[in-house]
Peer 1: 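Have a look at the structure that comes next, please.
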Amino acid sequence: MAYVRWSHYFLPTWKEEPAEADLPSHRLMLRAGLIRPLAAGIYTYLPCGWRALRRVEAVVREEMDAIGGAELHMPVVHPAELWARTGRLDDFGPSLVRFEDRAGREMLLGPTHEEVVTDLARREIQSWRQLPLMLYQIQTKFRDEPRSRGGLIRAREFTMKDGYSFHEDAPDLDRYYPEVYRAYERIFRRCGLSPVPVEADPGLMGGSGSHEFMLAHDQGEDTFVRCAGCGYAANREGAVAVKEPDPDEPLLPQEEVATPNCYTIEAVAAFLGIPTRKTAKAVFYRAGKELVFVVIRGDLEVNEAKLARVLGTTELSPATEEDIVAVGAVPGYASPIGISGDEVVVVVDDSIPSARNLVAGANKEGFHLRNVNFPRDFPAQLVTDVALARDGDPCPRCGGMLRVQHGIELGHIFKLGTKYSQSLGATFLDRDGQARPLVMGCYGIGIGRLLAAVIESHHDEEGIVWPTEVAPFQVLVTVLNPKDGDQIALATSVATHLAQAGLEVLLDDRERSPGEKFHDAKLVGIPVLAVIGPRSLRTGEVDLERRRDGVRNPTPASPDSIERAVQDLLRTG
RNA sequence: CGGAGAGUAGCGCAGGUUGGUCAGCGCGCAUGGUUCGGGACCAUGAGGUCGGCGGUUCAAAUCCGCCCUCUCCGACCA
């Protein structure tokens, strides 16, 4: 293996901060010459960025192979008809890029590959003897996200490792799923990351069990809750929090009270001098044709994901004023008491039944009702938990305190069950000769996002600090004056020797001032820097510097001692 | 899709309100020279349809209209 000469490589660095980047990983990937934007959420990987990406891929491949995965490669372009059969053509909505081929066939750019892999399994898997099976790929996906941001953290075109396992029955999936879980933990640890595994909402993917691996990060695109006490962690969409009931008190008779200009819960509570949790808040949504009237304790917020799930819908949007008026409610003073219409569904959050003598709207401009109680005063079609867990709420497992955190979703694993195999007719014959649908799991990791997350977690003021395992090169050999024949001779012999020892070596032989080369070295973040300058020729020593902590060791300039010292630094750095 | 902001040389920006020596600055780039252990210096030089289209005007980077693109916040998101 040969070393790479920077003067003949393509590693363009930027001295100045790009104006258009906010996240450290995004800024550094641009500055350190790893990526360049082509359009919103669409990036070119430059050679050094591509090398780093391949290092991450190598880790993922090793761990996937270790749990019996077989790598394959599926198409980017899918026939829309296949997606129509699972119903996801509509479910995915506008983030699915669709087009017609020249024959007028509807096609799309694959945002994920459940349909394609299940179709493959349908054709090829006939017998229980072929199971279990784990197939995976590392491949480009495209999702026309309404909002791409943060560089590779949330791109529209992105590289993903997606794996799919096939099983005879649910118990076999249950047995295998933890193996994938542990493989994921190993992958992230090798990349220098410690994401929190959280219980997740399977969402559009369907299925019964699901975990997301969330890297805690203030600017993360996702939100989850975690209990410091017992380790309970869940995606915010699925998180459950304990709602402490009010002390029991006798139910008082309803009475009307004037509350002029009180259009919000806060205003009503302040006006009447009561805490917000002694009010009932009315929130309206439209779900297709139906109007949904949610009643929830005034201090809580509606969790729209939970609501959509209990309603069994994917189309949930806030209702308009006209919608609200149409069912006999008064915006700002809406009440569950006295509304009407066949197409209204009243959903009562489970915070309401245990609450006593609440203040609710009177469906009359300027008035509220005191002492409203459920179910005494109004009916509901559904009573269930639709509240958003809050920071500081009690943990459902141990009663400790939940913390809300932002995070970057690095991976997501699902027990899909038979959702896709059933809709696509992917069956096999079991030991008794019975046709049964394949039981599936699916497992994703955003590779580009993972790379960005590595940088997000491993950088300092001056640049990237690559963990050795995913560094694009392990050693940077910098020749301070490449025009000096003795320096370049020493440097090339060191670089050659290190490369022959199996290390990936970048030789900075550019004719630049030393300061500039040192700064670029920090920026690009290769774990070990070997400096060869006039001093080396004088003293017979090469300076080895570890990027992580700046520790410098003068090392005798013989190739063997340098290799030993470099290996030492890599092991500890 | 809603809110906010931005598009002037490869990058970072000034100029714009008051239309007219207004095509500018720093970095970078090219050439020559001096430097060479933590973003050196001198000299010379190249590089821009001022995002696009249309309008107002004797005259538009500057004023008006429409459109495009990008960024951030929100909605959304395997």
Side-chain angles (χ1 to χ4, degrees), chain A residues 12-23 26-27 30-31 36-42 88 91-96 110-115 141-151 153-156 158 160-164 200-207 210-212 219-223 235-237 304-305 308 314-318 409-414 416 419-420 442-446 449 462-463 478-484 487 510-523 529 531-539 541-543 545 550 552 554:
Chain A
T13 57
W14 288 348
K15 186 165 159 183
E16 295 187 69
E17 290 287 347
E20 305 283 86
D22 191 37
L23 283 176
H26 190 193
R27 288 198 333 259
L30 291 167
R31 288 228 291 138
R36 290 292 180 261
L38 177 65
I42 302 179
R88 291 210 300 177
D91 289 350
F92 247 89
S95 60
L96 201 56
T112 176
H113 282 73
E114 283 77 17
E115 276 77 3
K141 314 255 191 247
F142 196 94
R143 290 180 198 172
D144 195 1
E145 295 280 354
R147 185 181 166 195
S148 59
R149 59 177 158 181
I153 297 286
R154 184 170 159 136
R156 292 194 294 169
F158 57 99
M160 176 163 141
K161 187 287 294 176
D162 48 322
Y164 307 88
D201 176 8
L204 270 187
M205 304 298 292
S210 170
H211 289 87
E212 289 174 341
Q219 290 163 86
E221 83 294 347
D222 222 321
T223 309
N235 189 296
R236 187 127 193 244
E237 291 167 1
E304 295 183 14
T314 54
E315 314 165 40
L316 192 68
S317 57
E409 181 189 342
L410 297 180
H412 200 159
I413 58 180
F414 301 81
L416 290 178
K419 173 178 162 136
Y420 295 92
C442 85
Y443 318 93
I445 292 178
R449 178 182 282 184
E462 297 177 285
T478 286
V479 203
L480 291 180
N481 185 358
K483 284 190 290 193
D484 179 328
Q487 284 183 40
R510 298 172 303 163
E511 292 183 18
R512 302 292 186 92
S513 70
E516 203 168 338
K517 297 171 80 150
F518 282 121
H519 276 269
D520 270 350
K522 289 270 170 60
L523 179 60
L529 172 66
V531 182
I532 288 161
R535 197 199 293 157
S536 319
L537 300 179
R538 242 183 2 258
T539 63
E541 285 178 333
V542 170
D543 265 0
E545 182 173 336
R552 281 186 221 178

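Only this structure's heavy atoms are used, side chains among them; waters, hydrogens and symmetry mates stay out. Each chain gets a letter, A, B and so on, in the order the sequences are listed, and its residues count up from 1.
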Peer 1: Suppose you measure atom P in B:rC41 against the same atom in B:rA60; what distance do you get, rounded to whole Å?
Peer 2: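 So the two P atoms sit 41 Å from each other.
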Peer 1: Base contacts versus sugar-phosphate-only contacts with protein, heavy atoms under 4.0 Å: please encode nucleotides 69-74 of chain B as B, S and - from 5' to 3'.
Peer 2: -SSSBB
Peer 1: What stems show up for RNA chain B when you take Watson-Crick pairs (N1-N3 plus N6-O4 or O6-N4) and G-U wobbles (N1-O2, O6-N3), both under 3.5 Å, and require three or more consecutive pairs?
Peer 2: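 So the stems come out as B:1-7 with B:68-74, B:10-13 with B:24-27, B:29-34 with B:40-45, B:51-55 with B:63-67.
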Peer 1: Contact class for A:Asp520 (heavy atom, under 4.0 Å): base, sugar-phosphate, or nothing?
Peer 2: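 Base contact - A:Asp520 has a heavy atom under 4.0 Å of at least one base atom.
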Peer 1: Let me spell it out: for each of A:Ser536 and A:Gly444, pick the nucleotide of RNA chain B with the closest heavy atom. Which residue's pick is nearer the 5' end?
Peer 2: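 The 5'-side residue here is A:Ser536.
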Peer 1: Which is true for A:Thr13 with a 4.0 Å heavy-atom rule: it touches a base, it touches only sugar-phosphate, or it touches nothing?
Peer 2: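 Nothing, no nucleic acid heavy atom in range.
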Peer 1: Which is true for A:Lys483 with a 4.0 Å heavy-atom rule: it touches a base, it touches only sugar-phosphate, or it touches nothing?
Peer 2: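 Base, at least one base heavy atom under 4.0 Å.
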Peer 1: If you measure from the P atom in B:rG24 to the same atom in B:rU49, how many Å do you get, rounded?
Peer 2: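 Their P atoms lie roughly 15 Å apart.
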Peer 1: How far, in whole Å, is B:rC13 from B:rC72 if one measures between their P atoms?
Peer 2: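 Roughly 14 Å separates the two P atoms.
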Peer 1: Write down the distance separating the P atoms in B:rA61 and B:rG19, rounded off to the nearest Å.
Peer 2: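 After rounding to an integer number of Å, I get 14 Å for this pair.
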Peer 1: Would you mind building the protein contact string for nucleotides 41-48 of chain B? One character per nucleotide, 5' to 3', B for base within reach (heavy atoms under 4.0 Å), S for sugar-phosphate only, - for untouched.
Peer 2: --------
Peer 1: Classify the nucleic acid contact of A:Asp222 as base, sugar-phosphate or nothing, counting any heavy atom under 4.0 Å across all strands shown.
Peer 2: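 No contact at all - A:Asp222 keeps every heavy atom at 4.0 Å or more from the nucleic acid.
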Peer 1: When you measure only distances, ignoring hydrogens and angles, does the side chain of A:Glu16 come within 3.5 Å of the base of B:rG28 through a donor and an acceptor?
Peer 2: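 Result: no qualifying N/O pair found.
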Peer 1: Say you pick atom C1' in B:rA4 and the same atom in B:rU8; how far apart are they, in whole Å?
Peer 2: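 About 22 Å, rounded to a whole number of Å.
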Peer 1: What is the minimum heavy-atom distance between A:Pro111 and A:Phe158, and which atoms define it?
Peer 2: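 Heavy-atom minimum between the residues: O-CZ, 4.4 Å.
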Peer 1: Measure the distance from NZ on A:Lys15 to C1' on B:rC27 and round it to the nearest whole Å.
Peer 2: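 Whole-Å distance recorded here is 6 Å.
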Peer 1: Ignoring hydrogens and angles, does a donor from either the side chain of A:Arg154 or the base of B:rC77 sit under 3.5 Å from an acceptor on the other?
Peer 2: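 Side chain to base: pair present.
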Peer 1: Please determine, for the side chain of A:Glu145, which listed nucleotide (B:rC77, B:rG38, B:rG37) has the closest atom?
Peer 2: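 My answer, after comparing the listed nucleotides, is B:rC77.
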Peer 1: Taking B:rU56 as the reference, what is the distance to B:rA9 when you measure between their C1' atoms (whole Å, please)?
Peer 2: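 B:rA9 and B:rU56 have their C1' atoms separated by 30 Å.
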Peer 1: Starting at NZ of A:Lys517 and ending at C1' of B:rC36, how long is that distance when rounded to a whole Å?
Peer 2: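 Roughly 10 Å, once rounded to whole Å.
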Peer 1: Tell me the interatomic distance from A:Arg27, atom CZ, to B:rC11, atom C1', rounded to whole angstroms.
Peer 2: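 Going from CZ in A:Arg27 over to C1' in B:rC11 covers 15 Å.
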Peer 1: What's the closest nucleotide to the A:Asn481 side chain, out of B:rG38, B:rC36, B:rC27?
Peer 2: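 Per side-chain heavy atoms of A:Asn481, the pick is B:rC36.
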Peer 1: On RNA chain B, check which nucleotide each of A:Gly446 and A:Glu541 is closest to and give me the residue with the more 5' one.
Peer 2: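 Closest to the 5' end, via its nearest nucleotide, is A:Glu541.
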Peer 1: Sticking with atom P, work out how far B:rA40 lies from B:rC27, rounded to a whole angstrom.
Peer 2: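 It works out to 11 Å between them.
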Peer 1: Starting from C1' on B:rU34, measure out to CD on A:Glu511 and report it in whole angstrom.
Peer 2: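 My rounded result for the distance is 15 Å.
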Peer 1: Measuring only the P atom in each nucleotide, how far is B:rU69 from B:rA59? A whole number of Å is fine.
Peer 2: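 To the nearest whole Å, 32 Å.
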Peer 1: So what does A:Pro534 touch, heavy atoms closer than 4.0 Å: a base, only the sugar-phosphate, or nothing?
Peer 2: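 Touches a base.
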Peer 1: Tell me what A:Glu304 touches on the nucleic acid: a base, only sugar-phosphate, or nothing, going by heavy atoms under 4.0 Å.
Peer 2: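 Counting heavy atoms under 4.0 Å across all strands, the contact made by A:Glu304 is with sugar-phosphate only.
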Peer 1: Tell me: CG of A:Leu96 to C1' of B:rC76, nearest whole Å?
Peer 2: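 Going from CG in A:Leu96 over to C1' in B:rC76 covers 15 Å.
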Peer 1: Below 3.5 Å, does any donor atom in the side chain of A:Arg552 face an acceptor in the base of B:rG38, or the other way round?
Peer 2: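 For A:Arg552, whose side chain was compared with the base of B:rG38, there is a donor-acceptor pair (under 3.5 Å).
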